[in-house]
Amino acid sequence: MADPVAWTMIERGWKVRDAAGDEVGKVGRVGGDPGADIFDGLTITRGVLSKDRYVRAEAVAEIVEGTVKLSLSRAEVESLPEFHHPAAEERVLPESSTWYQRLAWWLTGRNR
């Protein structure tokens, strides 16, 4: 049996297994703050035509190299919410900036 690893080691494409040990998909994205060691959860990718599902960190039972095991049954995995990408952030420019600073920010895409 493989040794457990930290959540920061999880990589895209690792197998995701349900509580019974059956494969239910692959890791898509991992959410968290490595600097503060806070793991939020991950997405499960199951194919090109299916929507990614989001799994909260509380449902992750075990992480070993190459595999993430959940504490959820297959039926519970099927009923997980779809993952929606977060909205893009909007940057508000200070009113005191000059017109050429605003133009430079706009041209470099820093205003988005």
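Side-chain atoms are counted along with the backbone in the values below, which use heavy atoms only and exclude waters and symmetry mates.
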**Student:** Of all residues at least two apart in sequence or in a different chain, which pass the salt bridge (Lys or Arg N to Asp or Glu O under 4.0 Å) check with Lys26?
**Tutor:**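 By the salt bridge (Lys or Arg N to Asp or Glu O under 4.0 Å) rule, Lys26 matches Glu23.
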**Student:** Going by salt bridge (Lys or Arg N to Asp or Glu O under 4.0 Å), name the residues that satisfy it together with Arg53, two or more places apart in sequence or in a different chain.
**Tutor:**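 Applying salt bridge (Lys or Arg N to Asp or Glu O under 4.0 Å) to Arg53 gives none.
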**Student:** Okay, side chain of Arg12, backbone of Gly28: is any donor-acceptor separation there less than 3.5 Å?
**Tutor:** yes
**Student:** Restricting to salt bridge (Lys or Arg N to Asp or Glu O under 4.0 Å), what partner residues turn up for Glu76, sequence neighbours left out?
**Tutor:** none
**Student:** Cluster partners of Ile10, using ILVMFWY side-chain heavy atoms under 4.5 angstrom, listed by chain and number?
**Tutor:**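 Val5, Trp7, Met9, Trp14, Val16, Val24, Val27, Val30, Phe39, Leu42, Ile44, Val55, Val60, Ile63, Val68, Leu70, Leu72, Val77, Leu80, all in the cluster of Ile10.
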**Student:** Who are the side chain to side chain donor-acceptor pair (under 3.5 Å) partners of Thr67, not counting sequence neighbours?
**Tutor:** none
**Student:** Which ring pair (Phe, Tyr, Trp, His ring centres under 6.0 Å) pairs, counting each pair once, include a residue from residues 16-36, with sequence neighbours left out?
**Tutor:**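 Output for this query is empty, none listed.
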**Student:** Please list all pairs passing the salt bridge (Lys or Arg N to Asp or Glu O under 4.0 Å) test where one or both residues lie in residues 63-72, with sequence neighbours left out.
**Tutor:**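 Output for this query is empty, none listed.
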**Student:** Taking side-chain contact (heavy atoms from CB on, under 4.5 Å) as the definition, give me every residue that meets it alongside Ala36, ordered by chain and number, with sequence neighbours left out.
**Tutor:**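 Asp33, Ile38.
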**Student:** What are the two closest heavy atoms between Ser71 and Ala19, and how far apart are they?
**Tutor:**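 Nearest pair, atom of Ser71 first, then Ala19: C-CB, 4.0 Å.
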**Student:** Looking at side-chain heavy atoms only, is the closest gap between Phe83 and Arg29 below 4.5 Å?
**Tutor:** yes
**Student:** List for me each residue that meets salt bridge (Lys or Arg N to Asp or Glu O under 4.0 Å) alongside Arg56, sequence neighbours excluded, and say none if there are none.
**Tutor:**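 Per chain and number, Arg56 pairs via salt bridge (Lys or Arg N to Asp or Glu O under 4.0 Å) with Glu58.
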**Student:** Kindly indicate whether the side chain of Pro34, heavy atoms from C-beta on, has any atom under 4.5 Å from the side chain of Thr8.
**Tutor:**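 The answer is yes, as the side chains (C-beta and beyond) meet within the 4.5 Å cut-off.
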**Student:** Mind checking side chain to side chain donor-acceptor pair (under 3.5 Å) for Arg17 and listing every partner two or more places apart, or none if nothing turns up?
**Tutor:** none
